[in-house]
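Read the structure below first, then the notes.
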Amino acid sequence: MTSRHIPSPSRRTVVRAAAATAAAVPVLSATAAASASPSTDSARAAAPAPAFLHGVASGDPLPDGVLLWTRVTPEPGAEPGSGRGADTPVRWEVAEDREFTAPAGSGTTLASAASDHTVKADVRGLRPATSYYFRFTAGGEGAEVRSPVGRTRTAPATGASVAGLRFGVVSCANWETGWFSAYRHLAARGDLDAVLHLGDYLYEYASGGYPTQGAALREHRPAHEILNLADYRLRHGTYKTDTDLQALHAAHPVIAIWDDHEFANDAWSGGAQNHTPGTEGVWAERVAAAKQAYFEWMPVRASTEGTVHRRLRFGRLADLHLLDLRSFRSEQASIGNGSVDDPKRTITGRAQLDWLKAGLAGSDAVWKLVGTSVMISPVAFGALPAHLLGPLTGLLGLPKEGLAFSVDQWDGYTDDRKELIGHLRDRGIRDTVFLTGDVHMAWASEVPVKAATYPLSPSAATEFVVTSVTSDNLDDILRVAPQTVSTVASAAVRTANRHVKWVDMDSHGYGVLDVTAERSQMDYYVLSDKTAQDATSAWVRSYRTRQGTQKVERVDRPVR
């Protein structure tokens, strides 16, 4: 990787520590298998306590600090969401070396049942663009227990000239449909500044309710669909027993936003496709529970509105604008439910769209990166065979009435998109790159001002979409070998959408975004088999956008 600018050190000072939240889940040690048989459940329940059974994490790096996270199991059997266990003092430490001989800060906070025995420490006073190590300690004198050691990294100084940045990029990890090998491969990389998680960190369905391949590879906990605070806490805790996910969080700061499955499928401000008010309660109460559990269990700073839209800066090289596209959106369009072009309908909400426009216009960074959970590039469909259009309807959120656009994406909210793209064009805002997940497919696209006349009309931005970690894609749904029937669908999509330069409908994996002043490049990596715990990873494609072009071009090799 290109060398980084490291400003002269500022002295480390004190830190702010804040207690966070908790959950209910089977307790697995950091070195245990990610799934367990019934015979191991009793062994886990009898494990010594306090214990750090859900790993450690960091996130939202700033030039002078980072957010640290862990969860304490205060006594045997005190699962997430159970409410069991006494308040437990927790000490955190930050150092410049793994042996903690060069301390950089420390403090004490409290893990309580009110926060599901999760804790967060918002550490400040650190040096910019510097790697640090951190750990937690709990237990009384003579019986202290230490957590695993985590590594994190601060962002460059706000005004620093930065040679390069590198981010892992992931989305859509369903516990039941595969192993989280993508996380393991990203954890093994020592060259990442952070990992960007673009949503669907977990799934809300009952066990067996989502996989299309038959029986679940490993079962969700709780086994029923999650509806209340204890349920969401337990589901978060279950995911954080996966050793590959624990490894990712221990290796890199994670910058996360949510999509719909952190709540329920196709969520909008007043409900969701997968929510039935008559039998599943009040939507607002379900959302409040999901958000509380999310902020308890994720190393994420909430915005002032209590959502995930926020902005992080990485020197003068990049501003990262992170969006919440579930809390404020109108209901998805369908026949009899409004037009996708209705200006009264919104995906961002007025305040968030104004915030994003102001941030893009006011940015002096070379690159304006936008983390968005659903695709902004328009997608039209040509003459696809019915056996392919059906599965794509499910993946892309298309209405079953046959409307040929993706109503759960920006395609379903064209007035917001038109306003945002027009803002980029009219204000001369260049080098905006949208980073996206959601659709379980990889895409590299230009974002046209007018798709119908493209490429005669200009491109206002570019978009890189990463595929899923495990969630089903086209070949999973059709139960066919990768790169077989999907080649027909891919060709039809590119023919009908000249701004789409590449689409992979079959793979699972992750992306690595490498940013320099000259270009932003996404390297796409795929897994050999999502159902194999020892799955290998291989580079498959790379695309880049050069500064000032708003165009996407293929590159013949990854950055690394």
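The structure presented is a predicted model; accordingly, all values stated were derived computationally and were not measured. No hydrogens, no waters, no symmetry mates; every other heavy atom, side chains included, goes into these values.
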Practice task
Compute both the distance and the angle, then confirm whether Arg311 meets the cation-pi test with Trp355: under 6.0 Å from the six-membered ring centre, within 45 degrees of the axis.
Solution key: yes

Problem - side-chain contact (heavy atoms from CB on, under 4.5 Å) between Val466 and Thr436, intermediate numbers included - result: CA-CA 6 Å; Val466 295; Thr436 309; over 6 Å; no

Problem - Results of ring pair (Phe, Tyr, Trp, His ring centres under 6.0 Å) for His321 - residues two or more places apart only - result: none

Problem - Contact check, side chains of Met375 and Val439, non-hydrogen atoms, under 4.5 Å - result: yes

Exercise for the section: Answer yes or no: is there a donor N or O on one side and an acceptor on the other, between the side chain of Arg221 and the main chain of Asp231, under 3.5 Å? Expected result: no

Exercise for the section: Go through the side-chain N and O atoms of Ser377 and Glu463 and say whether any donor and acceptor fall under 3.5 Å apart. Expected result: yes

Practice task
Would you check if there is a donor-acceptor pair between the side chains of Asp476 and His508 at a distance under 3.5 Å?
Solution key: yes

Practice task
Indicate, with yes or no, if the rings of Trp69 and His249 have centres closer together than 6.0 Å.
Solution key: no

Practice task
Give the C-alpha distance, both sets of side-chain angles, the deciding distance and a yes or no for salt bridge (charged side-chain N to carboxylate O under 4.0 Å, His left out) between Glu79 and Arg233.
Solution key: CA-CA 9 Å; Glu79 291 188 333; Arg233 285 171 165 175; over 6 Å; no

Handout entry: Sidechain-backbone polar pair: Gln292 side chain, Leu229 backbone, donor-acceptor under 3.5 Å
Key = no

Handout entry: Donor-acceptor pair between Arg417 and Thr414 side chains, under 3.5 angstrom
Key = no

Problem - Crowding at CD, Glu219 (>12 non-hydrogen neighbours, <6.0 Å) - result: no

Handout entry: Check: Asn274/Glu204 side-chain N/O donor and acceptor closer than 3.5 Å
Key = yes

Problem - Given Trp443, Tyr524, Phe434, the one that forms side chain to side chain contact (heavy atoms under 4.5 Å, CB included) with Val465 - result: Trp443

Practice task
Classify the angle between the aromatic ring planes of Tyr183 and His197 as parallel (below 30°), tilted (30 to 60°) or perpendicular (above 60°).
Solution key: tilted

Problem - Residue pair Phe52 / Thr73, side-chain heavy-atom distance below 4.5 Å - result: no

Problem - Test item: side-chain donor near acceptor, Thr137 and Arg135, under 3.5 Å - result: no

Practice task
Would you tell me whether Glu305 and Thr307 have side-chain atoms, one donor and one acceptor, within less than 3.5 Å of each other?
Solution key: no

Practice task
Assert yes or no for the condition that the ring centre distance of Trp258 to Phe263 is strictly below 6.0 Å.
Solution key: yes

Problem - Any donor-acceptor N or O pair under 3.5 Å, side chains Asn174, Ser471 - result: no

Exercise for the section: May I ask you to decide if Val300's main-chain N or O and Lys120's side chain share a donor-acceptor pair within less than 3.5 Å? Expected result: yes

Exercise for the section: Go through the structure and list residues passing salt bridge (charged side-chain N to carboxylate O under 4.0 Å, His left out) with Asp319, not counting sequence neighbours. Expected result: Arg313

Practice task
Kindly state whether the ring of Tyr239 and the ring of His220 have centres lying under 6.0 angstrom apart.
Solution key: yes

Practice task
Say whether Arg286 and Tyr232, considering side chains only, have a donor N or O and an acceptor N or O under 3.5 Å apart.
Solution key: yes

Problem - cation_pi(Arg218, Phe180) dist<6.0 Å, angle<=45 - result: yes

Problem - Check: Thr372 side chain, Val374 main-chain N or O, donor-acceptor pair, under 3.5 Å - result: yes

Handout entry: Residues Lys291 and Ser327: side-chain donor-acceptor under 3.5 angstrom
Key = yes

Practice task
Mark yes or no: Lys418 above the aromatic ring of Trp410, with NZ or CZ under 6.0 Å from the six-membered ring centre and no more than 45 degrees from the axis.
Solution key: no

Handout entry: Set of residues satisfying salt bridge (charged side-chain N to carboxylate O under 4.0 Å, His left out) with respect to Glu176, sequence neighbours excluded
Key = none

Exercise for the section: Determine whether Thr348 and Asp324 make a side-chain contact, defined as any pair of heavy atoms from C-beta on separated by less than 4.5 Å. Expected result: no

Practice task
Would you check if there is a donor-acceptor pair between the side chains of Tyr205 and His224 at a distance under 3.5 Å?
Solution key: no

Problem - Any side-chain donor near an acceptor of the partner, Asp416 and Thr346, under 3.5 Å - result: yes

Practice task
Mark yes or no: Arg326 above the aromatic ring of Trp268, with NZ or CZ under 6.0 Å from the six-membered ring centre and no more than 45 degrees from the axis.
Solution key: no

Problem - Any donor-acceptor N or O pair under 3.5 Å, side chains Ser339, Asp342 - result: no

Exercise for the section: Kindly indicate whether the side chain of Gln409, heavy atoms from C-beta on, has any atom under 4.5 Å from the side chain of Ile376. Expected result: no

